[in-house]
Amino acid sequence: MTTGMRMTWVLDGRGWATCTVEDHHAKAELSVSYITNAPEDLLTAVARLLTGEVETRAQFEAEPTAYRWIFYRQADDVWIRLLELGDGRAPDNKGTEIWSGRLGIDALGRAVIRCFDEVARTYGESGYRGTWGERFPRIELEALRRLWRAHRSGGT
């Protein structure tokens with residue numbers, strides 16, 4: 001099982017960010033455009049896992065490249081596949097796997113929450129909006145945090 005997954009989100013300029021996901025085995029860097037709700041979609045996908053869904057997805061667009069996160073949950077373990085696709089409308093089998101890992105749902109929730117907490121600390125919500133071009137995903141982050149805490153206390 002993967003341990004120590006780390007995720008970062010760095011704003012690169014108006015409407016662009018670099019998302020990095022890594023563990024002790026591999027690292028992937030994704031270029032992300034604001035043309036879709038990438039941060040909100042990722043936070044929501046992980047929240048859905050915490051509510052018991054067994055498969056969720058999120059997709060980041062990089063015009064024209066796309067990065068597709070595929071999450072499979074079994075009990076408290078989550079297998080993550082990260083695919084790079086030349087076109088975001090392409091099926092999974094047309095993508096190239098650029099990172100994968102298996103970790104506990106608790107560790108996944110913690111890594112994603114820490115990532116976006118760091119984004120808020122680094123840029124502030126107004127600075128984020130000014131650079132990214134859209135609001136900071138506070139609602140989705142707090143929803144994920146509530147579900148993660150409930151899960152940790154045995155509520156889900």
Side-chain angles (χ1 to χ4, degrees), residues 1-119 128 132-148 150-151 156:
M1 184 172 311
T2 299
T3 58
M5 179 183 142
R6 178 169 152 75
M7 194 174 152
T8 60
W9 184 273
V10 177
L11 298 178
D12 296 328
R14 181 75 175 160
W16 288 95
T18 299
C19 177
T20 304
V21 60
E22 61 186 306
D23 61 16
H24 61 278
H25 295 294
K27 176 180 180 177
E29 290 188 359
L30 323 173
S31 182
V32 186
S33 169
Y34 75 123
I35 63 169
T36 62
N37 296 325
E40 295 88 345
D41 291 348
L42 178 64
L43 290 160
T44 300
V46 175
R48 289 170 59 186
L49 290 169
L50 282 162
T51 66
E53 288 196 28
V54 295
E55 180 179 343
T56 65
R57 294 165 177 255
Q59 186 160 302
F60 296 171
E61 296 293 336
E63 304 177 61
T65 303
Y67 298 97
R68 186 171 298 151
W69 297 79
I70 306 170
F71 302 94
Y72 302 100
R73 179 178 176 179
Q74 183 175 22
D76 279 344
D77 293 336
V78 179
W79 178 42
I80 305 165
R81 293 184 66 213
L82 185 51
L83 305 178
E84 181 176 356
L85 299 116
D87 180 340
R89 297 169 298 197
D92 295 345
N93 65 1
K94 298 294 182 185
T96 301
E97 187 173 282
I98 60 170
W99 188 87
S100 67
R102 190 172 137 231
L103 65 157
I105 187 67
D106 181 64
L108 174 61
R110 181 182 316 113
V112 175
I113 290 166
R114 283 182 178 168
C115 172
F116 284 95
D117 280 347
E118 183 61 26
V119 170
Y128 177 91
W132 180 246
E134 298 293 338
R135 70 168 178 83
F136 181 78
R138 176 61 61 195
I139 294 166
E140 293 82 1
L141 175 58
E142 295 309 322
L144 174 57
R145 190 184 321 274
R146 280 189 302 277
L147 289 166
W148 177 70
H151 174 78
T156 61

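- A donor-acceptor contact shorter than 3.5 Å links the side chain of Q59 to the backbone of G88.
- For L85 against K94, the heavy-atom pair with the smallest separation is CD2-C, 4.2 Å.
- Contact between L82 and Y67 at its shortest, heavy atoms only, is CD1-CB, 4.4 Å.
- In this structure, the separation between CG on L43 and SG on C115 is 8.0 Å, given to the nearest 0.5 Å.
- The CG atom of L83 sits 8.0 Å away from the CZ atom of R57 when rounded to the nearest 0.5 Å.
- The CG atom of L49 sits 6.5 Å away from the CG atom of L108 when rounded to the nearest 0.5 Å.
- A distance-only check finds a donor-acceptor pair linking the side chain of R73 to the backbone of A75 [under 3.5 Å].
- When side chains are defined from C-beta on, W69 counts as touching L30, because their heavy atoms get closer than 4.5 Å.
- Residue W99 comes nearest to A26 through the heavy atom pair NE1-O, 3.4 Å, listed as atom of the first residue, atom of the second, then distance.
- In this structure, Q74 and R102 have side chains that are not in contact, with every pair of non-hydrogen atoms separated by 4.5 Å or more.
- Of the N and O atoms on the side chains of T36 and E61, not one donor lies less than 3.5 Å from an acceptor on the other residue.
- Distance check: R48 CZ to L147 CG gives 12.0 Å after rounding to the nearest 0.5 Å.
- Heavy-atom minimum distance, L144 versus V46: CD1-CG1, 3.7 Å.
- Scanning both residues, F136 and F116, for their nearest heavy atoms gives CZ-O, 3.4 Å.
- Contact annotation: the side chain of D106 never approaches that of D76 to less than 4.5 Å [non-hydrogen atoms, C-beta and beyond].
- Taking 4.5 Å as the limit, some side-chain heavy atom of Y72 sits within range of a side-chain heavy atom of R81.
- To the nearest 0.5 Å, atom CD of residue E29 and atom OG1 of residue T8 are 7.5 Å apart.
- Between V112 and W148 the shortest side-chain heavy-atom distance does not fall below 4.5 Å.
- Within the 4.5 Å cutoff, no side-chain heavy atoms of R138 are placed close to those of Y128.
- Ring pair W9/F60: centre-to-centre distance below 6.0 Å.
- Using a cut-off of 4.0 Å between Lys/Arg side-chain N and Asp/Glu carboxylate O, R145 and D117 are scored as salt-bridged.
- For the pair M5/I80, a side-chain contact is recorded, criterion being any heavy-atom separation below 4.5 Å from C-beta on.
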May I have the step-by-step check of side chain to side chain contact (heavy atoms under 4.5 Å, CB included) for V10 and T20, ending in yes or no?
CA-CA 8 Å; V10 177; T20 304; over 6 Å; no

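- Residue R89 qualifies as open at atom CZ: its count of foreign heavy atoms under 6.0 Å is 12 or below.
- The closest donor-acceptor contact from the side chain of R6 to the backbone of A111 lies at 3.5 Å or more, if one exists at all.
- When all heavy atoms of A45 and F71 are compared, the pair lying nearest together is CB-CE1, 4.0 Å.
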